[in-house]
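Following: one structure in structure tokens, then a few remarks.
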Amino acid sequence: SSSASPTPSATVASPTPSASPTSEIPAAAREKTDAGAEAFVKYFFDRTNEAWTAPAVGLIPPVSETDCKFCVTTERRAEALVQSNEKYLEAPILLAGVQAITGAPEGQQYVGATLNQREVKVVDAAGEVVRTDQKKSLESLIGLKWRDGKWSMFAVEKAS
């Protein structure tokens, strides 16, 4: 008698972060308009929440400028979560009052928003709570650049 060896199914694949997530960016966030900039900011923070709840690395760099300090810090947080096998149980950041602001140089867009850090637990691989973020709110000024037909995050700063 003969026995067949199992073969992997062609439909089984493990998810990995996309190196080029442009196609994943919602259509509304790919327009060079005030509404497009606002939609992109929402998308960026959805990616941040995904990076910290999955956790997953590589989601922030494709949608940000290399010299964006906030973006680098956000990605480093995702890397630390992955390395320590920890994750947020729920989305830690909720946006409110996202509004395009006039006055940015050509090829850029400013957006005002309130970043609400939620009181969310961070757990380890065993599901044990290792810390809880404290609830706080920060009025922010966000800077975007329009490059190669898409928005890119270049700054998130406390509004004065």
Side-chain angles (χ1 to χ4, degrees), residues 15-84 86-123 129-160:
T16 55
S18 170
S20 178
T22 304
S23 61
E24 297 172 16
I25 297 173
R30 287 185 268 141
E31 296 178 15
K32 190 180 179 187
T33 62
D34 287 357
E38 293 166 1
F40 179 81
V41 167
K42 292 173 186 174
Y43 172 75
F44 178 88
F45 283 98
D46 286 346
R47 297 287 283 191
T48 298
N49 285 327
E50 180 182 352
W52 292 358
T53 57
V57 296
L59 299 178
I60 302 304
V63 292
S64 61
E65 297 292 309
T66 56
D67 58 350
C68 173
K69 292 176 185 173
F70 178 86
C71 306
V72 169
T73 300
T74 300
E75 180 68 7
R76 284 187 183 148
R77 181 77 192 118
E79 290 168 359
L81 289 164
V82 168
Q83 290 172 0
S84 62
E86 297 173 350
K87 67 178 182 176
Y88 282 82
L89 284 179
E90 301 175 77
I93 302 170
L94 289 180
L95 288 181
V98 179
Q99 180 81 42
I101 301 170
T102 59
E106 182 66 32
Q108 297 182 13
Q109 177 67 57
Y110 297 144
V111 178
T114 303
L115 302 180
N116 293 305
Q117 178 178 293
R118 301 174 61 217
E119 187 172 322
V120 176
K121 292 175 175 54
V122 177
V123 297
V129 176
V130 293
R131 73 183 156 281
T132 302
D133 278 0
Q134 297 307 306
K135 183 178 179 179
K136 61 182 169 183
S137 184
L138 180 66
E139 295 299 321
S140 300
L141 180 61
I142 297 165
L144 305 178
K145 287 186 181 176
W146 183 259
R147 186 190 319 268
D148 301 325
K150 64 181 180 110
W151 290 113
S152 181
M153 183 73 67
F154 79 83
V156 178
E157 299 177 356
K158 181 179 177 181
S160 51

- [ ] Tell me, please, which residues at least two apart from Lys32 pass side chain to side chain contact (heavy atoms under 4.5 Å, CB included).
- [x] Glu106, Trp146, Trp151

Open item on the list: Within the 4.5 Å heavy-atom criterion, are Asp133 and Tyr88 side-chain neighbours or not?
Closed with: yes

TODO: Determine which pairs satisfy salt bridge (charged side-chain N to carboxylate O under 4.0 Å, His left out) with at least one residue from residues 50-65, sequence neighbours left out, and list them in order.
DONE: Glu65-Arg147

Task: Nearest heavy atoms of Phe45 and Val156, plus distance in Å - done: CZ-CG2, 4.4 Å

Open item on the list: Tyr110: which residues meet the ring-ring contact (aromatic ring centres under 6.0 Å, His included) condition with it, sequence neighbours left out?
Closed with: none

TODO: Might you point out which heavy atoms bring Thr53 and Pro92 nearest each other, and give the distance in Å?
DONE: CG2-CD, 4.2 Å

- [ ] Go through the structure and list residues passing side-chain hydrogen bond (donor to acceptor under 3.5 Å, both in side chains) with Gln108, not counting sequence neighbours.
- [x] none

Open item on the list: Quick one, Ser64 and Val72 - any side-chain contact, counting heavy atoms below 4.5 Å?
Closed with: no

TODO: Would you indicate whether the side-chain heavy atoms of Ile93 and Trp52 approach each other to under 4.5 Å?
DONE: yes

Task: Interatomic distance, Ile25 atom CD1 to Glu31 atom CD [nearest 0.5 angstrom] - done: 12.5 Å

Output side-chain donor-acceptor pairs under 3.5 Å for residues 112-122, partner residues at least two apart or in another chain, one line each.
from	atom 1	to	atom 2	distance (Å)
Thr114	OG1	Glu139	OE1	3.0
Thr114	OG1	Glu139	OE2	2.8
Asn116	OD1	Ser137	OG	2.9
Gln117	NE2	Gln134	O	2.5
Arg118	NH1	Ala91	O	2.6
Arg118	NH2	Glu90	OE1	3.2

TODO: Could you name each residue pair satisfying disulfide (SG to SG under 2.5 Å) that touches residues 27-82, not counting sequence neighbours?
DONE: Cys68-Cys71

Open item on the list: Filter on side chain to side chain donor-acceptor pair (under 3.5 Å), then keep only pairs touching residues 68-83, sequence neighbours left out; what's left?
Closed with: none

Task: Full working for side chain to side chain contact (heavy atoms under 4.5 Å, CB included) between Glu24 and Tyr43 - done: CA-CA 10 Å; Glu24 297 172 16; Tyr43 172 75; 4.1 Å; yes

TODO: Take Met153 and Ile142, measure what side chain to side chain contact (heavy atoms under 4.5 Å, CB included) needs, and give me the verdict at the end.
DONE: CA-CA 8 Å; Met153 183 73 67; Ile142 297 165; 3.3 Å; yes

TODO: For Ala100, enumerate each residue passing the side chain to side chain contact (heavy atoms under 4.5 Å, CB included) test, keeping only those at least two apart in sequence or located in another chain.
DONE: Asp34, Glu38, Gln109

- [ ] State, to 0.1 Å, how close Gly58 and Pro61 come at their nearest heavy-atom pair, and which atoms those are.
- [x] C-CD, 3.9 Å

TODO: Go through the structure and list residues passing side chain to side chain contact (heavy atoms under 4.5 Å, CB included) with Pro55, not counting sequence neighbours.
DONE: Leu81, Val82, Lys87

